[in-house]
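To start, the structure under review is shown below, and the notes come after it.
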Amino acid sequence: MGGGPSGRDGLRWLKSLSVRSRVSLLFDCCASTRWAAIVAGRLDECRDELQFHELIDDVWWMLSPGDWLEAIDANPRPALPEGAGSGPALLREISDGLRAYEERFAMAYVARGQGRSAAELLLLLRRRLANPPAAELRVAAAEQAEITRARLVHALGAPSANHAARPLRVPVPVQRM
């Protein structure tokens, strides 16, 4: 794609790309075809990074579950953490849990792994296995949105501290009676 983002110029650089190049970069961060196309097409509406992050969240949450699954299932299988506290028994439990998850929910497991120990990841996996399928899809979608944001921050060369602290906007589903 030539050139590249540096520091706070990432959004300006992204906006300078052709729509096709924008879609490609966005799709590399989140493999939802519709999400990448819509965000790329509406990018010029964003005056600043705050509006950009609102756009990526808003578009994500208006997508269909099928669009979410397209992105979720495109993720690489989670890497099992190595190091202290990651003995073979713990890693085997995580591996077994991942298989059980895929069988129960018929989708790939997605979770932000950065900053979480193997024990934390196993606890999170166990909790999520207890979710009803519809609730788990929203949890997985929220994890995917968080991962997408981190990938975008990295791809655009933005200081991650500015965006990591901003809470992810997750709409609350309406309960129908």
Counting only N and O atoms by type, is there a donor-acceptor contact under 3.5 Å from the side chain of [X] to the main-chain atoms of [Y]?
X      : Y      : answer
Asp73  : Glu70  : no
Gln51  : Arg47  : yes
Glu93  : Leu122 : no
Asp57  : Glu54  : no
Trp60  : Trp68  : no
Arg138 : Ala134 : no
Glu120 : Ser117 : yes

Side-chain donor-acceptor contact under 3.5 Å, [X] with [Y]:
X      : Y      : value
Ser21  : Ser24  : no
Ser16  : Arg12  : no
Glu143 : Tyr109 : no

In Å and rounded to the nearest 0.5 Å, what is the [atom1] to [atom2] distance from [X] to [Y]?
X      : Y      : atom1 : atom2 : result
Leu152 : Leu26  : CG    : CG    : 6.0 Å
Ile72  : Ser32  : CD1   : OG    : 10.0 Å
Leu156 : Cys29  : CG    : SG    : 7.0 Å
Asp96  : Leu91  : CG    : CG    : 11.0 Å
Leu129 : Leu124 : CG    : CG    : 10.0 Å
Leu90  : Arg92  : CG    : CZ    : 10.0 Å

> Could Asp28 and Arg151 be called an ion pair, given the rule that one side-chain N must be under 4.0 Å from one carboxylate O?
Replying inline: no
Within the structure provided, determine whether [X] and [Y] are in side-chain contact (heavy-atom separation under 4.5 Å).
X      : Y      : result
Arg104 : Pro133 : yes
Arg149 : His53  : yes
Met62  : Arg34  : yes
Tyr101 : Glu136 : yes
Leu69  : Leu137 : yes

>> Is there a salt bridge (Lys or Arg N to Asp or Glu O under 4.0 Å) between Arg42 and Glu45? Walk through the geometry before answering.
In response: CA-CA 6 Å; Arg42 292 185 50 199; Glu45 299 170 16; 3.3 Å; yes
> Any chain of hydrophobic side-chain contacts (each under 4.5 Å) joining Ile38 to Val23?
Replying inline: no
>> Using the rule that Ile, Leu, Val, Met, Phe, Trp and Tyr join whenever any side-chain heavy atoms are under 4.5 Å apart, tell me whether Phe27 and Val110 fall into a single cluster.
In response: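 Per the 4.5 Å side-chain linkage, Phe27 and Val110 are not co-clustered.
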> Looking only at heavy atoms, which two atoms of Leu55 and Cys46 are closest? And how far apart?
Replying inline: CD2-SG, 3.6 Å
> What's the shortest heavy-atom distance between Ala111 and Arg128, and which atoms?
Replying inline: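 Heavy-atom minimum between the residues: CB-NH1, 3.7 Å.
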>> According to side chain to side chain contact (heavy atoms under 4.5 Å, CB included), who are the partners of Leu43, at least two apart in sequence or on a separate chain?
In response: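 For Leu43 the side chain to side chain contact (heavy atoms under 4.5 Å, CB included) partners, ignoring immediate neighbours, are Leu11, Leu14, Lys15, Arg22, Phe52.
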> Trp35 and Trp61: aromatic ring centres closer than 6.0 Å?
Replying inline: no
